[in-house]
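Here the structure is laid out as structure tokens; the discussion comes afterwards.
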2 protein chains.
Amino acid sequence: MRHHHDIQALRKQGFRLTRQRMLILELLRSSERHMTADQIYAEVSQHHPEINLATVYRTLQWLHQVGLLRKIDVGKDRLEYEYAHDAEHHHLICKVCGDQTQIDNHVIQTLQAHILEHYGFEADPDHVALFGRCAQCRAAETE
Amino acid sequence: MRHHHDIQALRKQGFRLTRQRMLILELLRSSERHMTADQIYAEVSQHHPEINLATVYRTLQWLHQVGLLRKIDVGKDRLEYEYAHDAEHHHLICKVCGDQTQIDNHVIQTLQAHILEHYGFEADPDHVALFGRCAQCRAAETE
DNA sequence: CGCCTTATTGCAAATACTTGCAATAAGCAG
DNA sequence: CTGCTTATTGCAAGTATTTGCAATAAGGCG
Ligand SMILES: [Mn+2]
Ligand SMILES: [Mn+2]
Ligand SMILES: [Zn+2]
Ligand SMILES: [Zn+2]
């Protein structure tokens with residue numbers, strides 16, 4: 001399976017697979033949702049009180065860099081992370097009601113193609129938050 | 001002229017045009033570039049040492065909310081602001097060499113139209129930073 | 001299994017930015 | 001111009017996240 005294969009490859013690259021890293025990765029892998037650093041810290045330290053919040057932050061950064069996690073700023077005061085499962089997607093966030101929708105990656109792929117064509121720039125917008133007004137709030141405003 | 005008209009309209013809405021607000025707005029209006037909160041603070045406090053850093057942060061938020069400033073996260077550890085002159089644009093930022101390019105708004109307008117059509121969502125991506133690899137760094141990598 | 005190298009952690013301090021609250025000063029009326 | 005209301009400021013404390021450094025522990029080797 002890809003997951004364990006990736007993990008072993010990281011060890012070959014000189015990274016160390018510490019208890020802290022595995023705990024955080026497994027939590028996010030089983031959680032299937034966005035989580036913030038302090039939520040992760042709260043969960044993990046339940047069973048492993050020795051874990052440190054600074055380590056959580058550093059581990060999240062590392063897991064993101066090696067491509068195992070995705071990161072997003074949904075306009076709250078905290079960043080959110082999710083396990084990088086196969087389905088690439090982005091989020092539409094309504095500034096009025098706060099509603100969040102997932103949208104498929106190919107909407108953005110067209111943009112990527114345009115930018116590559118016109119500017120020779122290879123944009124890699126991974127897991128983006130787009131703000132605006134949702135259909136319902138737009139309808140409500142035309143009352 | 002539009003600028004002074006906008007300013008007077010704000011007063012009518014109950015906002016107060018304080019010395020601090022005008023100083024920061026004029027600095028950015030004449031600067032024609034992105035500036036960070038602490039750069040702005042350094043500049044303004046040169047001639048007005050009584051100004052407070054918290055006020056700079058609050059004023060930047062307010063100027064952004066009322067549409068006089070644009071805001072951007074270019075991946076450094078600070079947010080940047082610029083005067084909202086007419087030319088709407090976005091930035092391509094190379095993760096390899098750090099190079100920043102401006103791109104015209106209409107590249108993103110196509111994306112906006114697609115999202116509106118498919119999801120009924122009115123996205124308002126104003127002054128966005130797109131990360132990736134620039135043409136030069138891509139060429140260099142195929143050596 | 002024990003030893004060694006060094007990547008990673010824990011802890012405490014720092015940084016960018018936000019916020020509660022009492023003091024100040026816009027700006028409108030008189 | 002003077003007084004009054006209350007939006008805004010200054011200051012100090014708080015929050016999310018980062019960072020320097022000494023202590024710890026992965027994991028390769030014998
Ligand atoms: Mn997501
Ligand atoms: Mn700009
Ligand atoms: Zn909505
Ligand atoms: Zn480049």
Side-chain angles (χ1 to χ4, degrees), chain A residues 4 6-28 34-45 47-66 68-81 129, chain B residues 4 6-27 34-45 47-66 68-69 71-81 129:
Chain A
H4 292 92
D6 289 351
I7 297 284
Q8 293 315 313
L10 288 169
R11 181 148 38 203
K12 294 251 163 61
Q13 290 171 53
F15 293 116
R16 292 182 184 177
L17 306 185
T18 65
R19 190 164 27 85
Q20 292 88 331
R21 287 178 173 180
M22 294 306 103
L23 284 166
I24 291 169
L25 182 59
E26 280 314 311
L27 172 59
L28 279 158
H34 293 177
M35 290 186 82
T36 63
D38 58 307
Q39 283 172 348
I40 293 163
Y41 175 68
E43 283 286 329
V44 173
S45 61
H47 291 257
H48 300 268
E50 77 281 7
I51 203 164
N52 187 277
L53 184 54
T55 303
V56 173
Y57 279 108
R58 273 187 290 224
T59 300
L60 290 172
Q61 272 184 185
W62 178 75
L63 287 167
H64 179 246
Q65 273 167 38
V66 301
L68 288 168
L69 293 188
R70 299 190 187 119
K71 184 178 171 179
I72 197 167
D73 179 354
V74 298
K76 309 246 180 74
D77 59 352
R78 295 154 155 79
L79 296 174
E80 303 186 354
Y81 294 84
Chain B
H4 293 92
D6 289 352
I7 298 284
Q8 293 315 315
L10 288 168
R11 181 147 39 199
K12 293 253 163 60
Q13 290 171 53
F15 293 116
R16 292 182 184 176
L17 306 186
T18 65
R19 192 164 25 88
Q20 293 86 332
R21 287 178 172 179
M22 292 306 103
L23 283 167
I24 291 170
L25 181 59
E26 280 313 311
L27 172 60
H34 294 176
M35 289 187 83
T36 63
D38 57 308
Q39 285 171 346
I40 293 163
Y41 175 69
E43 283 285 329
V44 174
S45 60
H47 289 256
H48 299 268
E50 75 281 9
I51 204 164
N52 187 276
L53 184 55
T55 302
V56 173
Y57 279 109
R58 274 187 289 223
T59 299
L60 290 172
Q61 272 185 185
W62 178 74
L63 288 167
H64 179 246
Q65 273 168 39
V66 300
L68 289 169
L69 292 189
K71 184 179 170 179
I72 196 167
D73 179 354
V74 298
K76 308 248 179 75
D77 58 352
R78 294 154 155 81
L79 296 174
E80 302 185 354
Y81 294 84

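Excluded from the calculations below are hydrogen atoms, water molecules and symmetry mates; all remaining heavy atoms, backbone and side chain alike, are included. Just so it is clear, the model here is predicted, and its values are computed rather than measured. First the proteins, then the strands, lettered A, B, ... as listed; each starts at 1.
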Would you mind reading off the distance between [X] atom [atom1] and [N] atom [atom2], rounded to a whole angstrom?
X	N	atom1	atom2	result
A:Y81	D:dA16	OH	C1'	11 Å
A:H64	D:dT18	NE2	P	12 Å
B:K76	C:dT15	NZ	P	18 Å
B:R58	D:dG10	CZ	C1'	8 Å
A:D73	D:dT17	CG	P	9 Å
A:L60	C:dT8	CG	P	15 Å
B:K12	C:dG27	NZ	C1'	12 Å
A:Q61	C:dT8	CD	P	13 Å

[N], OP1 or OP2 - any side-chain N/O from [X] closer than 4.0 Å?
X	N	value
A:T18	D:dA25	no
A:Q20	D:dA26	no
A:Y57	D:dT17	yes
B:N52	D:dT9	no

Is there a donor and acceptor pair, one atom on the side chain of [X] and one on the base of [N], closer than 3.5 Å?
X	N	answer
B:R19	C:dG27	no
A:R16	C:dT6	yes
A:R11	D:dG28	no

Of the nucleotides [options], which has the atom closest to the [X] side chain?
X	options	value
B:L17	D:dG28, C:dG27, C:dT9	C:dG27
B:R78	C:dT8, C:dC17, D:dT8	C:dC17
A:T55	C:dT9, C:dA16, C:dT18	C:dT9
A:F15	D:dT19, D:dG10, C:dT8	C:dT8

Under 3.5 Å, side chain of [X] to main-chain N/O of [Y], donor-acceptor pair present?
X	Y	value
B:Q39	B:T36	yes
A:S45	A:H48	no
A:R21	A:R16	yes

**Message:** Assuming nearest nucleotide by heavy-atom distance, tell me which of A:T59 and B:A54 is located more 5' along DNA chain C.
**Reply:**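 The residue whose closest nucleotide sits nearer the 5' end is A:T59.
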
**Request:** Could you walk me through whether B:R58 and B:Q61 pass side-chain hydrogen bond (donor to acceptor under 3.5 Å, both in side chains), step by step?
**Result:** CA-CA 5 Å; B:R58 274 187 289 223; B:Q61 272 185 185; over 6 Å; no

**Message:** Does B:L53 reach a base, just sugar-phosphate, or nothing at all? Heavy atoms under 4.0 Å.
**Reply:**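 Counting heavy atoms under 4.0 Å across all strands, no contact is made by B:L53.
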
**Asked** CG of B:L23 to CD1 of B:I40: how many Å apart, nearest 0.5 Å?
**Response**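 One finds 12.0 Å between CG of B:L23 and CD1 of B:I40.
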
**Message:** Under 4.0 Å between a side-chain nitrogen and a carboxylate oxygen: does that hold for B:E50 and B:R19?
**Reply:**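 A salt bridge links B:E50 with B:R19.
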
